[in-house]
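Worth knowing before you read on, the calculation uses all heavy atoms, side chains too, and leaves out hydrogens, waters and symmetry mates.
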Amino acid sequence: QVQLVESGGGLVQPGESLTLSCTSSEFMLDRYLVGWFRQAPGKEREGISCISTAGGAHYADSVKGRFSISRDSDKNTVTLRIDTLRAEDTGTYYCARGSSVCSAVVAARSYFYHHWGQGTQVTVSS
């Protein structure tokens with residue numbers, strides 16, 4: 001089974017920043033599309049960002065300007081930095097692997113991703 005592992009979640013205060021990481025011990029992430037999704041309590045999973053093998057990235061309108069996705073090939077990691085955290089950012093964050101080219105549509109839809117991590121919890125609360 002393809003394994004993706006997220007890390008970096010936790011309890012943070014509004015306005016703080018957080019960096020989430022996605023890595024794999026089984027394959028090289030820079031060979032694949034990688035997306036980040038989140039699921040808030042009681043809500044459906046929401047696509048928030050993706051990054052192509054060439055480095056092109058897209059973001060959901062709801063997170064533009066505060067979220068930044070990037071690759072670190074040396075560490076075989078895709079990171080998602082979240083600035084100015086808000087209570088509505090609370091949820092479980094998942095990374096996923098796909099084979100398409102990142103676009104606004106691909107960032108938004110889980111259809112394009114075939115392998116998922118178990119998620120990391122982010123709670124924003126004062």
Residue set satisfying side-chain hydrogen bond (donor to acceptor under 3.5 Å, both in side chains) with Thr120, at least two apart, ordered chain then number -> none
Residue list, salt bridge (Lys or Arg N to Asp or Glu O under 4.0 Å) with Asp83, at least two apart or on another chain: Arg81
Can you sort out the partners of Tyr32 under ring pair (Phe, Tyr, Trp, His ring centres under 6.0 Å), two or more places apart, ordered by chain and number? Phe27
Distance from Trp116 atom CH2 to Cys95 atom SG, nearest 0.5 Å? 9.0 Å
Across all chains, not counting sequence neighbours, the side-chain hydrogen bond (donor to acceptor under 3.5 Å, both in side chains) partners of Thr77 are none
So side-chain hydrogen bond (donor to acceptor under 3.5 Å, both in side chains) across residues 39-48, not counting sequence neighbours, yields Arg38-Glu46, Glu46-Ser62
Show, in sequence, the C-alpha distance, side-chain angles and deciding distance for Ile69 and Val78, and conclude whether the side-chain contact (heavy atoms from CB on, under 4.5 Å) test is met. CA-CA 7 Å; Ile69 191 170; Val78 172; 3.8 Å; yes
Would you compute the distance between atom CG of Leu29 and atom OG1 of Thr23 and round it to the nearest 0.5 angstrom? 6.0 Å
Give every residue pair that meets the ring-ring contact (aromatic ring centres under 6.0 Å, His included) criterion with at least one member in residues 81-112, sequence neighbours excluded. none
Hey, any chance Val122 and Val5 share a hydrophobic cluster, counting ILVMFWY side chains that come within less than 4.5 Å of each other, even indirectly? no
Applying ring pair (Phe, Tyr, Trp, His ring centres under 6.0 Å), name anything that partners Tyr113, two or more places apart in sequence or on another chain. Phe37
Listed by chain and number, what are the salt bridge (Lys or Arg N to Asp or Glu O under 4.0 Å) partners of Asp61, not counting sequence neighbours? Lys64
Intermediate values then yes/no, side-chain contact (heavy atoms from CB on, under 4.5 Å), Ser25 and Gln3: CA-CA 7 Å; Ser25 61; Gln3 187 173 23; 4.1 Å; yes
Give every donor-acceptor pair under 3.5 Å between a side-chain atom in residues 100-109 and any protein atom, sequence neighbours left out.
| residue | atom | partner | partner atom | Å |
| --- | --- | --- | --- | --- |
| Ser103 | OG | Val105 | N | 3.4 |
| Ser103 | OG | Val106 | N | 3.2 |

Heavy-atom donor-acceptor pair, Arg71 side chain to Asn76 backbone, under 3.5 Å: no
Nearest 0.5 Å, please: how far is SG in Cys22 from CD1 in Ile51? 11.5 Å
Straight-line distance of Ser52 OG to His58 NE2, nearest 0.5 Å: 7.0 Å
Taking the side chain as everything from C-beta on, heavy atoms only, tell me whether Glu6 gets closer than 4.5 Å to Leu20. no
Of all residues at least two apart in sequence or in a different chain, which pass the side chain to side chain contact (heavy atoms under 4.5 Å, CB included) check with Ser73? Asp30
Correct closest heavy-atom pair for Leu18 and Gly9 would be CD2-CA, 4.3 Å
By side chain to side chain contact (heavy atoms under 4.5 Å, CB included), which residues pair with Arg86, not counting sequence neighbours? Arg66, Glu88, Asp89
Does a donor on one side chain sit under 3.5 Å from an acceptor on the other, for Ser126 and Gln13? no
Shortest non-hydrogen contact from Tyr59 toward Ser68: OH-CA, 3.4 Å
Not counting sequence neighbours, which residues clear side-chain hydrogen bond (donor to acceptor under 3.5 Å, both in side chains) with Ser99? List them please. none
For Cys50 and Leu33, work out which heavy atoms get closest and say how close. CB-CD1, 3.9 Å
Exam field: side chain Thr123 to backbone Thr90, donor-acceptor pair closer than 3.5 Å: no
